[in-house]
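We're numbering straight along the sequence, starting at 1.
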Amino acid sequence: MSRNRKKPRQDKKQAAALKQSEALYKNADRAVDTQALAFVRWYEETDGNTGAEALQVLQSVKQFLWLYGASGAPVSATAFDADVFLQAMAQLQAMSEAGESRVFQVMTDDLQVYLGFLDATGSWTGTAEDLEVLLENFVLSQDGEATTTEEAPAETVADAEAGSADASASADATDDADASASTVRHAVALLDWLGDGKELTATGSLRLADIAGAAAAVGVHAVGSQKRLSEDEVAALADADGRLPQVVRSMAELEHLNTLWLSLRELGYLEVTGKKATVSDAGRALQNGGAAEREALLRELATGAELADAELPAAG
């Protein structure tokens, strides 16, 4: 008899848990639906995607928000707490390792696309800091291509170390001189590309459509796309030399471009007002100047990189 009396209590707890779970999913469903129309339109305009595929992405977002909301954090489709988001992803990954790894990968891909939508369209309503953390620690960490491309120079360094000490020192000096001259040329080319100004995303990054032009200005072959391109689509974007582009979801994935952009902004060569970047007076002086102006840029960049004591080569 006593066992039978305890069973209704257990049933009530299960019913309450189920009711709470259903309420969380309804909250997630309603939140995502507020962005559904805008997302579908944006997604369909990106590389020929379909509305049906867009709805599948949103379904993944709803499922993730259900897990996100279970932590007690407020549920929103346009703002996430970065810490809670990453914790929920870690929890999801741990669950997937028990046998649903494919589900985790699909949801990861879909969330990357959705975050890209919030960033590219200016729909993000959370803090710039949270979005930056998510783009750097979630989106970028999931993109193996970007990591592989940026790590390639390490092999060149390893090969150089295999030579004699004198040869290595000489090679390093030559590399430093070439890199310095190249950096100045790229800085001027980037300012030239900027022209009368470019519109930016809500976080101050270049829009996807502008990444290819900016990357080309600094000697990088890349394109911006929220969609994972097929091998044929990437091949169709090869340059005249047959080089395949690096496909990125954010300017932050291109280390050289991102570092140079931030440096020029910090040093006052380009300025951002609202959501638009323009060349400053100092930038125009650099564009129209000679060796003296370019030498000054080198020294400012070196100081910013804590290399002020290094012997700087003459800018070319």
Side-chain angles (χ1 to χ4, degrees), residues 18-47 49-93 95-96 100 103-143 199-205 207-209 224-228 248-252 275:
L18 179 60
K19 185 175 181 179
Q20 182 181 14
S21 178
E22 290 175 347
L24 286 172
Y25 190 81
K26 287 181 179 179
N27 288 341
D29 188 65
R30 285 193 294 265
V32 175
D33 283 347
T34 64
Q35 299 299 311
L37 182 59
F39 177 80
V40 170
R41 288 176 176 173
W42 173 82
Y43 194 77
E44 287 179 330
E45 293 173 357
T46 307
D47 301 319
N49 296 323
T50 67
E53 292 172 336
L55 294 177
Q56 291 177 353
V57 173
L58 292 179
Q59 187 63 31
S60 290
V61 177
K62 290 179 180 180
Q63 292 172 350
F64 174 75
L65 274 185
W66 167 75
L67 182 61
Y68 178 95
S71 68
V75 173
S76 168
T78 58
F80 307 118
D81 179 286
D83 290 337
V84 177
F85 187 101
L86 295 174
Q87 288 172 3
M89 285 305 302
Q91 180 181 355
L92 183 63
Q93 184 174 17
M95 293 166 58
S96 73
E100 294 295 333
V103 173
F104 172 74
Q105 186 58 56
V106 170
M107 187 172 291
T108 296
D109 293 344
D110 290 343
L111 287 171
Q112 289 174 346
V113 172
Y114 188 74
L115 284 172
F117 156 73
L118 295 178
D119 183 31
T121 62
S123 301
W124 175 263
T125 59
T127 68
E129 291 78 7
D130 277 336
L131 182 57
E132 182 178 1
V133 169
L134 291 177
L135 291 177
E136 291 182 355
N137 295 289
F138 171 64
V139 174
L140 302 189
S141 66
Q142 299 296 331
D143 194 334
E199 295 296 324
L200 305 174
T201 67
T203 58
S205 298
R207 293 184 180 276
L208 286 175
S225 175
Q226 287 300 328
K227 176 186 176 183
R228 287 186 178 275
V248 300
R249 296 179 177 84
S250 169
M251 177 179 74
K275 292 185 179 181

Looking at the rings of Phe39 and Tyr114, which for Trp means the six-membered one, are their centres under 6.0 Å apart? yes
Applying salt bridge (Lys or Arg N to Asp or Glu O under 4.0 Å) as the test, list every pair that has at least one member in residues 84-93; sequence neighbours left out. none
Could you note down all residue pairs passing salt bridge (Lys or Arg N to Asp or Glu O under 4.0 Å) where residues 60-82 supplies at least one of them, sequence neighbours left out? Asp29-Lys62, Asp33-Lys62
Please report the closest heavy-atom contact between [X] and [Y], naming both atoms and the distance.
X	Y	answer
Glu44	Thr50	CG-C, 4.0 Å
Trp124	Leu134	CH2-CD1, 4.1 Å
Val248	Leu208	O-CD2, 4.1 Å
Ser71	Val84	OG-CG1, 3.3 Å
Ala82	Val133	CB-CG1, 3.8 Å
Ala31	Val75	CB-CG1, 4.1 Å

Which residues pass the salt bridge (charged side-chain N to carboxylate O under 4.0 Å, His left out) test with Asp83, not counting sequence neighbours? none
At what distance, to the nearest 0.5 angstrom, does CG of Leu115 lie from CZ of Arg249? 10.5 Å
Look up atom CD in Glu53 and atom CG in Leu58, then write down how far apart they are to the nearest 0.5 Å. 12.0 Å
Can you name the one residue among Val32, Thr34, Asn27 that meets side chain to side chain contact (heavy atoms under 4.5 Å, CB included) with Arg30? Asn27
Which residues pass the ring pair (Phe, Tyr, Trp, His ring centres under 6.0 Å) test with Phe64, not counting sequence neighbours? Phe85
Can you name the residues that form a ring pair (Phe, Tyr, Trp, His ring centres under 6.0 Å) with Tyr68, not counting sequence neighbours? Phe80
Sorted by chain and number, sequence neighbours left out, side chain to side chain contact (heavy atoms under 4.5 Å, CB included) with Thr78 holds for Gln35, Ser76, Leu118, Thr125
Could you go through Thr108 and Met89, starting from their C-alpha distance and side-chain angles, then the distance that decides it, and tell me whether this counts as side-chain contact (heavy atoms from CB on, under 4.5 Å)? CA-CA 8 Å; Thr108 296; Met89 285 305 302; 3.7 Å; yes
